[in-house]
Amino acid sequence: MNTSRSRGRTPRTLRAAALAVLLTTGAFTPSASADSARTETPVGTSGGVTETVVRVKAPLPASFGARPAACDWLSYLRYRSSSGPVSSADADRVLVAQPGILEGAGAFDSVARNTVTRAAEQGRHIEFWALDRRSNCLEDRTGIASGDQHSAVDYYYRGKQVQGRTFAGFVGNDKLGWMAKLGIEQTVRDEYDLLAAELPDQGVRKDKVLCGGHSLGGVITGYFAAADFDGDPATTADAGHNQCAGYFALDTTVSTSLGDLSGSIPDDTNLPDVGLGYGVVQAGLDSGLLPRSLSAPVLLNPETMTLLAIAGVGALQDPAGEADLPSYLPANTNIEATNRFLFSKDTATFLTGSPAVKDFRLTNEAILGSLMDDQSVPLAFLQSSVGFFDGGPVTDKNFPVANGSSSQPGLFGTEYKAIPAEPHGPLYTWRNYDRVGDPDDPGYRSSDGTPFTAAGKEVTDIQELARSMAAQPLDFTEQYFPTKLVTDLELATSPQVKRLVVHPDGLTANPTLTVLAGDGLLAGRVPADLHPVVADGYQHLDVLTAAPVQNNGRPEPVSTALTEFARTPR
């Protein structure tokens, strides 16, 4: 192994022990009584970072109608320096992060840890709050928290109990009536209410809080900055921009437009036609004629997004063991279509289903890599750079688009895709990000001679990614993403949404840090006057998941930029 690239990494045995602690605390017990207005529960401490999960009671207005009791609470993951102050108000800075589309708080795990650690090394104590949106309240983590892949599959797909609990099933549209009103207005209100509850002194918020997010979280931050929360525009202590000392945007921009995020929502989602107008769309959501949560036929729906976390469990449980997940999963149309979409090398394979993923021998890490790596998964906004296949020959994946095509849409990215070439053959393993380019690397190439990857293109540790997906009490994904949140933003010029931008100057009222993934959704499309920090070789998710030490031996650039930004006086 190239020791210059492995310097600073936690030894595998120690990391495994820390991950085991996180897994066993995944099914958490609130640290206060059920009728308390706030609970904070330890998740774990490792590497000088203490993580807790915080829940704050914030009931929705009665006009939202019936909803589960859990949905009257707001939740976030709190990361702080173990040697720093216990009270958030005493921290040097508090970074508050809104997740992107279909994304939950768990996705911020690595960047949060890296940033808190980097600041502590410089003698500063900052906190990182990874927010969950209300819709994550519908998710049941019981099966994942078992720490056993078979138990998780049995829980979610076969009706078997875990710890005396039976899965109630994936939630249908008829049970999501309250989400018909869960749009941008309530989303920014939730952030304000959470900040006001956790940091009651507005002066502290204005002095210490940095507001930001990833992907769609940048747009939400823009609306937050421009919002007014007391109904009187003349009084500005409550204005969104006066809750923050600065803004940060991770592979996004702080704005009130979805324009910069083209390619982040697949065309085959059930998103309604906003050309119908705000009133018609809202009536459809209220009545249930339109879907109240965003999904797609493959990969992007609650049933299949649960598979990502289950794959993470396997990668933690037995990284190098031969996976049986593809054959252990139940056979149904949804799972079969997703497997074909992800593991077909061409159109013919997709149509026939042969060879299928269960015909290949893959380790548990290779399964997770297949689901999340940019040389495998087609959808650009789901891609991270966690290494590459090893252990046997690979071939071009020319489905759903051909490798090397100059007309590849942004949705699929530009990286060449690969897939194992020999069914019923060798055991395919996973070469982690920091072993790409080592002397024993086979250096796989596409049929046209193009290398599939290189050391400078790989940035995320697959075990850290697995931890984020499977060992957090709050999910990496957002299984029930509110349709109204997207339709509101797509209807930004309608009077009903436009009225929310009360303080448009709020978007530029504070300093802004823009950090871009060099190969991400916004590559080459961000105005130079934003002076973005560009993380070379990064994909859209890498800005959240990248390892603390990169293949060039240097510290991870996103957390480095955030740490430096947090030092800057307002």
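A quick note: this is a predicted structure, and the numbers were derived from the prediction, not measured. Quick note: residue numbers are just sequence positions, from 1.
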Do [X] and [Y] meet the criterion of a side-chain donor-acceptor pair at a distance under 3.5 Å?
X      : Y      : value
Thr333 : Glu336 : no
Gln375 : Gln383 : no
Gln163 : Ser146 : no
Asp324 : His150 : yes

Query raised in the report: Judged by atom type as modelled, is there a donor-acceptor pair below 3.5 Å linking the side chain of Thr252 to the main-chain atoms of Ala249?
Result: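 The answer is no, because no donor-acceptor pair under 3.5 Å joins these two groups.
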Which residues satisfy the ring pair (Phe, Tyr, Trp, His ring centres under 6.0 Å) test with [X], sequence neighbours excluded?
X      : result
Phe167 : Tyr155, Tyr156, Phe170
Tyr416 : none
Phe389 : Trp430
Phe452 : Phe388

Query raised in the report: Quick one: side-chain contact (heavy atoms from CB on, under 4.5 Å) partners of Ala296, sequence neighbours excluded?
Result: Asp268, Thr269, Leu300
Requested in this report: In sequence, state the C-alpha distance, the side-chain angles, and the governing distance for Ser135 and Ser293, and then conclude on side chain to side chain contact (heavy atoms under 4.5 Å, CB included).
Outcome: CA-CA 9 Å; Ser135 50; Ser293 69; over 6 Å; no
**Report entry** Pairs touching residues 337-378 that satisfy ring-ring contact (aromatic ring centres under 6.0 Å, His included), sequence neighbours left out
**Finding:** Phe350-Phe399
